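It should be emphasised that the depicted structure is a prediction, and the values quoted were computed from it without experimental measurement. So that the names make sense, note that chain A is the first sequence line, chain B the second, and so on, each numbered from 1. What you see below is based on every heavy atom in this structure, not just the backbone, and it leaves out hydrogens, waters and symmetry mates.
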Amino acid sequence: MPRVLVVDDEKIISSSIARVLARAAHTVSTANNGLEALAILQKESFDLVILDLLMPEIGGGEVLDWLHSNRPQTRVILMTAYGDQHLKEDLHRRGAARVLAKPFDDILQFPKIVEDALK
Amino acid sequence: MSALVHLKIFSERAEDFHSLPEKLTALNYTYSFHATIEELCDSLAHEPADAVIVHALEMSQSTASQIQKKISPPQIIVYLPDKKIPNYVKVIAPFCIQAESNREEISYVVDSAVSALRKGRRLLALRTHQKRGWNFEYNPALHLITSLVKKCTISEDFPDLLNAMLTFKNVIEFQDSSLILLDHRNKVLQILHAPAEKSENIVQLHVDADFPAQNFDFLEPKTISFNSSQEWDHPLGKYTKNPWGSAIAIGFCAEEAPKRKGIARSAMLVLYRRDLIPFTERDLWLLEMTYGPLALALEKVAMLKAIGQASKEWRSTFDAISEPLTVVDNDFQISKANKAFAKLIGQDIKKIKGKKCHQLLANRRTPCPSCPALLDEVPSSGVRLASQGKEKRDLLAWSYGIRTPLESYHFQFYRDVSKETALTGALIQSEKMAAVGRLVGAIAHEINNPIAGILATSQIILSEPSSSDPSLQEDMKEIRDAAWRSKKIIDDLLGFTEGEGKGFERADLADIVRSSLTFSRSALGEIKVSNTVESLSLVTSPNSLQQVLFNLITNAAQAMNGRGALVLSSKSSGDFISLSVEDSGPGIASDRLEHIFDPFYTSKQEGSGTGLGLSIVKNLAAKIGIKISVESALGSGTKFHLKIPMKDIHA
């Protein structure tokens, strides 16, 4: 049962993802922003973190870097509205397993995406 | 007195005169011998004498008359060898020298004779002058004076003027004087010698003369004296003239206005007379009166010359100024225009004169409302001229008014700022576009999350079987589809505004075309769009290609003025895809076709385009390896062809 943390400041997005993943028997937690996420990550361990890039206070990028240094075994998927090629490359370099573009084509694909990322 | 006398002695035999020659020499008279009457007369013609001493034996009525026929007849003095004086001689020649006369007696006779001669001459002249009287019609002198004055006022030809002045000399008492005109460097300008005088003599005299210094006050005529110690050769002996005669002079200042001191003299008129009797006050007065106008005329000539020169300089300066310049009168008529202005208008300078400035520049029948000539003060940045008609000019104008007692006129200075305006316009446009891009990007990003949320939630709800009625499912579908469309729009917007020059990547041509159409939707309005572009995978810069298509589509929309059909199609052939954008607009004339990609070449109304659009498009396309060509004819629309390489141009 993979443990997944979804971090996004837009509640409707994080709850949608959580709903879909829960259906696929994942244990899902959510956080509203980077600060909250880091607090949770320090206490608990997760197999996968789904991060939104642009968030108030501490953004996805910083969380990614923290995870990369402190929880190298945790996989990270980043979500962003920016389709910038350079950004994607940069995120991958910093440890992201996958970069997803928002809005998603089909949110119901998420379980598969998670599965692929955990491989 | 005695030193100035020149005598001629006539007798067949020189020895007849006994001791006379020695006595004459002792008295410092100069003389020459002549053996025949012909010789004497000949000599008199070339060299006048004050008196002729004729031997009594040669004396006769005919001799006397021959001598007196000369223009300046000398006095006749008869030499009597003995005491007996025949009566007839007393009548013909009241002046006699006897053989026994001593020096004093000779001197007395000669002096009296010469003196009487001169007085006689003057009286004659005076009488002649007086006889003519002051009746204008009968007085050639007055005629001459007035014609002279007239000539002085209208003549611009200095030599011509001089001739007129010199002619005048003969009319009045200066007949027996020689006249010489000198410039301010004492160089001889003209000589009019007395009939009995030789021109060379005058020149020689002048050379030897001792002239007053430059700063001599010449407000009034002056008598001057001069000395000549030159020795002259004569067939009958050497003689000297020392001093030579009397002279009066008047200076003319024609270059500067007379000052208190140190008048710049530009010419001096000198009247010489081989005469012991000096010129009188009356002579001086006459000189001043008659030659006075010459000074004014000279001044006028010099001034006219200076004005002509200044005028020439002004004209060349006027023409040399590279900005358009005109002189306009109070009725807006152009009285002067420079070459730059003619170039601006595109007409010959000759055609421009007399036309109204607002007619030529702004194509208006009435003056421009913003006309700078009508303003009291023109702003330093100039005034923009509002031109009407087809060929609109973007001009800034300045005006400087000049008022003279007779008239007032305006100097108008223009600057063509159309290029600047276009550039500024283009800059503003690109700035606007950049700002819009940023704004759109910001909005899109903001909307992104909620849309993503709506889409995701609606997808989830639709995937969960629920006990609610099917109509809710339908509604949910609508929500999902609407959210999907919103996502697509945002995708397009974000893809478009990400700017040019992004990297090359694999993309689908149909997607790119579709998103370009999406973005041009508002520009397209009612226009029917037919898009048959195939889905084709190629390596390109999607953003740049989108920008190119966007520009072409909006251009087409503008050409069609909101009504018509736009056709987008593609055809692949080998390594290239041929994409075409065709409109049903008015088309482009063949002579304009070759210029439409030129910067600033536009047929649009002012304000709706800078003419840079197509040049940008061409450049941008070229940057990503795409060639653009155009096919058009008046009345049959316009078709742009894009030749897109299939393979990565960087590979």
message: If you count every heavy atom of other residues, nucleotides or ligands that lies below 6.0 Å from B:E446 atom CD, does the total exceed 12?
response: no

- request: Looking only at non-hydrogen atoms, find the nearest pair between B:G453 and A:S16 and report the distance.
  value: O-OG, 4.1 Å

- line: One should read off an interatomic distance between B:Q459 CD and A:D105 CG, to the nearest 0.5 angstrom, of 8.5 Å

task: Kindly determine whether A:D52 and B:N449 satisfy side-chain contact (heavy atoms from CB on, under 4.5 Å), including the steps that lead there.
output: CA-CA 10 Å; A:D52 181 27; B:N449 273 345; 4.1 Å; yes

message: Please give me the minimum heavy-atom distance between B:K487 and A:P103, naming the atom from each residue.
response: NZ-O, 2.9 Å

message: Nearest 0.5 Å, please: how far is CG in B:L455 from CD1 in A:I107?
response: 8.0 Å

From A:I13 atom CD1 to B:N448 atom CG, the distance as rounded to the nearest 0.5 Å: 7.5 Å

task: Verify the distance criterion only: is there a donor paired with an acceptor across the side chains of B:S463 and A:R23 at less than 3.5 Å?
output: yes

Approximate separation, where rounding is to 0.5 Å, of A:K102 NZ and B:I451 CD1: 12.5 Å

statement: Assert top hit (heavy-atom pairs under 4.5 Å, partner chain B, pool A:D106, A:V20, A:D8, A:D9) equals A:D106

- prompt: Do you know the tightest heavy-atom contact between A:F104 and B:W484?
  reply: O-CZ3, 4.3 Å

statement: Separation between OG (A:S15) and CD1 (B:I460), nearest 0.5 Å, reads 7.0 Å

